[in-house]
Each structure stands twice: as structure tokens, then as C-alpha cells.
Protein chains: 2
Amino acid sequence: MEPEIGNFETEMNRGFLQILVLALLKKEMYGYAMVRTIRDLGYEVEENTLYPLLRRLEKNGWVRSKWDVSEDRPRKFYAITDRGRALRSGLLGIWKKQNDILKRIMKEK
Amino acid sequence: MEPEIGNFETEMNRGFLQILVLALLKKEMYGYAMVRTIRDLGYEVEENTLYPLLRRLEKNGWVRSKWDVSEDRPRKFYAITDRGRALRSGLLGIWKKQNDILKRIMKEK
DNA sequence: TAATATAATGTGTCGCACACAGTATGTCAA
DNA sequence: TTGACATACTGTGTGCGACACATTATATTA
């Protein structure tokens, strides 16, 4: 694939990553674990992308966090809020709509 | 839905609109017609979003354009190039991957 | 004991969606 | 016939988010 697609991959991440994070937060999770989970799903994320995304979501009340210092190493655990759940379902709705449109177009001649 | 989702809708458009445009260009089309086509598909686009997107795609050789002045009103018709087709299939691959991941996550637990 | 993995924060850049502004022609109703 | 609205574009400016680069600090492993 061409080098210029790099830019497009960035664009493709926008939106998708937000949904993905909100979806993964069905279970509480800390940032680094989420990076690894996403990679295990076969998708590449930058830590420099995910950490700010989580903080942004928190700043706006879609997720909340608390430090867990009981384990060997301090970890910031994130949980989704009710507002976050509402946002998630809204975004999933948009995603589904987009997906339907693409499928429809690619199908017809 | 919350007012802040507005921002997210913008983010959701990134990536999606690029694929959509490349997909719609299976047939030659001019900008304004594409705006209306997309709206007819039930999706809202700004002209201020679509026109620059088309120009950007052309600048990088994924589409090409020619003015049609034979009709009542001059129109800039866009057509996809071979490179554009390659890009489209690459982006569709990414989209599918993302879609599979989301479906998988939403299904489990 | 040095390298690597874990777990996070912060600053800076660049591209894109979209707001706002403007140009110009065609159509249609009052 | 004129004024509103649709059609069909171009161009500038702003703000936000992905990611590069830099840094801190502890745990694990070779």
C-alpha cells in the first residue's frame, strides 16, 4: 500500500478509537492494559493516542478514573459513566448508519 | 443526545467520508451532485467539507477532475484513478477490520 | 546490572472538518 | 421583473484530535 495511506490510517482512527474505548470499558480497565488489549485484537494504537483520549473522555464526564495503588504498581483504572454509556450508544448508532451506507453503495453496481 | 456529541460527529466523519467519496466515484460525479447523493442516502455532509475533500483527493492523484461546460452550467466532474481504487480497497479493508472488532467486543459479555 | 516491559504525563505539530465569506448563474413565484 | 432560492463552486480561518518526541519512575528478566 502507498506511503500516503499513513495519513488516512490516522483519519480512520478518529471516531473508531473513541467507540472502541467506550466499548472496552464494559469492564474497568487501566490505560496500558487497554493498549495491549487493542493490540491483541489485532489493531495498532499508539500510547500517545490512547492516554490523551482517556483523559479527554474523563474531562468531559464520559468516563471516570481512580488510582489503584494496592497492587505492585500504581494504575489508573477507568470506568464508563452513564453519560458515557449514552454517548457509546449514540456513536454506535452513527457507526451502524455509516456501515449500512457503505454496504449499500458497494453492493450496487 | 448531548450537545457535546457534535464534536464526535465531526470525528466520526473523518475516514468515513473519504471512503464514501471514493466509493461513490464508481460513477463520475460532480461535487454538488455528490452532496445531494449523500444527503439522499440519509447522511448529512457540509459542502465546506466535501469540496475541499475532493480537491485534496485530486491533489494527491486519487481522483482526477475535468470541467464540463457543455451543459447549462459549468460542473467539475470527478473520476477515481487506479491509485484511488487501490486506496479505496485499502481503506475498506481497514473499515472492515474495525467493524469486525467492534462487533466482536459488543457481542461478548 | 543493564536492558526491556510496564504505566503514566506533558509539549508540539499537522491535517482535516467545518464555519464564514464570497462569486456567479439558473429557476420560479409574487 | 425582481427578488428569493437552488445550483455550483473557491478561498480563508479556527479548533480539535492523532501522533511524534521527550520524560519520569518502577518492575522484571536476561
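Everything quoted here is computed from the prediction, not taken from an experiment.
Phosphate contact (OP1/OP2 of D/dA8, side-chain N/O of B/Y30, threshold under 4.0 Å): present. Contact between the side-chain N/O atoms of B/R56 and the OP1/OP2 oxygens of C/dG15 is not found at any separation under 4.0 Å. Taking only side-chain nitrogens and oxygens, A/R55 comes nearer than 4.0 Å to OP1 or OP2 of C/dT9. B/Q18 has no side-chain polar atom (N or O) that falls below the 4.0 Å cut-off from OP1 or OP2 of C/dC16. OP1 and OP2 of C/dC16 both lie 4.0 Å or more from every side-chain N or O belonging to B/N13. An OP1 or OP2 oxygen of D/dC9 is reached within less than 4.0 angstrom by a side-chain nitrogen or oxygen of B/Y51. Distances shown here put a side-chain N or O of A/Y32 below 4.0 Å from the OP1 or OP2 atom of C/dT6.
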* Base, backbone or nothing for each nucleotide of nucleotides 20-26 of chain C, written B, S, -, heavy atoms under 4.0 angstrom, 5' to 3'? -> BB---BB
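Comparing A/R36 and B/V45 against DNA chain C, the residue whose closest nucleotide sits nearer the 5' end is A/R36.
What separates CZ of A/R75 from P of C/dA5 is a distance of 16 Å, to the nearest Å. In this structure, A/D68 places its CG atom 15 Å from C1' of C/dT6, rounding to the nearest Å. Between the CD1 atom of B/I38 and the P atom of C/dA17 there is a distance of 11 Å, rounded to whole Å. Note: CG (A/L54) to P (C/dG10) measures 14 Å, nearest angstrom. Distance, A/R14 CZ to C/dG15 P: 12 Å, rounded to whole Å. At whole-Å resolution of the value, CG in A/L53 and P in C/dT9 are 13 Å apart. Atom C1' of nucleotide D/dC21 and atom CD of A/E46 are separated by 11 Å, given to the nearest angstrom. Rounding to whole angstrom units, CH2 of residue A/W62 and P of D/dG17 are separated by 8 Å.
Closest approach to the B/E47 side chain among D/dC9, C/dC18, D/dG15 is made by D/dC9 (side chain taken as heavy atoms from C-beta onward). Here the nucleotide nearest the side chain of B/N7, chosen from D/dA18, C/dC18, D/dG17, is D/dG17. Considering only the side chain of A/T49, D/dA18 comes nearest among C/dA8, C/dA7, D/dA18.
Distance CG/A/L25 to NZ/A/K27: 10.5 Å, rounded to 0.5 Å.
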Sequence neighbours excluded and cut-off under 3.5 Å, please list the side-chain donor-acceptor pairs for residues 96-103 of chain B, or say none.
unit_1: B/K96; atom_1: NZ; unit_2: B/D100; atom_2: OD2; d: 3.1
unit_1: B/K97; atom_1: NZ; unit_2: A/G42; atom_2: O; d: 3.1
unit_1: B/Q98; atom_1: NE2; unit_2: A/M12; atom_2: O; d: 3.0
unit_1: B/Q98; atom_1: NE2; unit_2: A/Y43; atom_2: OH; d: 2.8
unit_1: B/N99; atom_1: OD1; unit_2: A/W95; atom_2: NE1; d: 2.7

Show which side-chain atoms of residues 84-92 of chain A pair as donor or acceptor with protein atoms under 3.5 Å away, not counting sequence neighbours.
unit_1: A/R85; atom_1: NH2; unit_2: A/D82; atom_2: OD1; d: 3.2
unit_1: A/R88; atom_1: NH1; unit_2: A/L22; atom_2: O; d: 2.9
unit_1: A/S89; atom_1: OG; unit_2: A/A86; atom_2: O; d: 3.3

Which side-chain N or O atoms in residues 47-59 of chain B pair as donor and acceptor under 3.5 Å with protein atoms at least two apart or in another chain?
unit_1: B/E58; atom_1: OE1; unit_2: B/S65; atom_2: OG; d: 3.2
unit_1: B/E58; atom_1: OE2; unit_2: B/S65; atom_2: N; d: 3.1
unit_1: B/E58; atom_1: OE2; unit_2: B/S65; atom_2: OG; d: 2.7

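Annotation: salt bridge (Lys or Arg N to Asp or Glu O under 4.0 Å) contacts involving residues 31-41 of chain A, sequence neighbours excluded, comprise A/R39-A/E44. Contacts classified as salt bridge (Lys or Arg N to Asp or Glu O under 4.0 Å) and involving residues 62-71 of chain A (residues at least two apart or in different chains) are given here: A/E28-A/K66.
A heavy-atom distance below 4.5 Å is found between the side chains of B/I105 and A/L41.
Cluster membership for B/L20 and B/F77, using ILVMFWY side-chain heavy atoms within less than 4.5 angstrom, is not shared.
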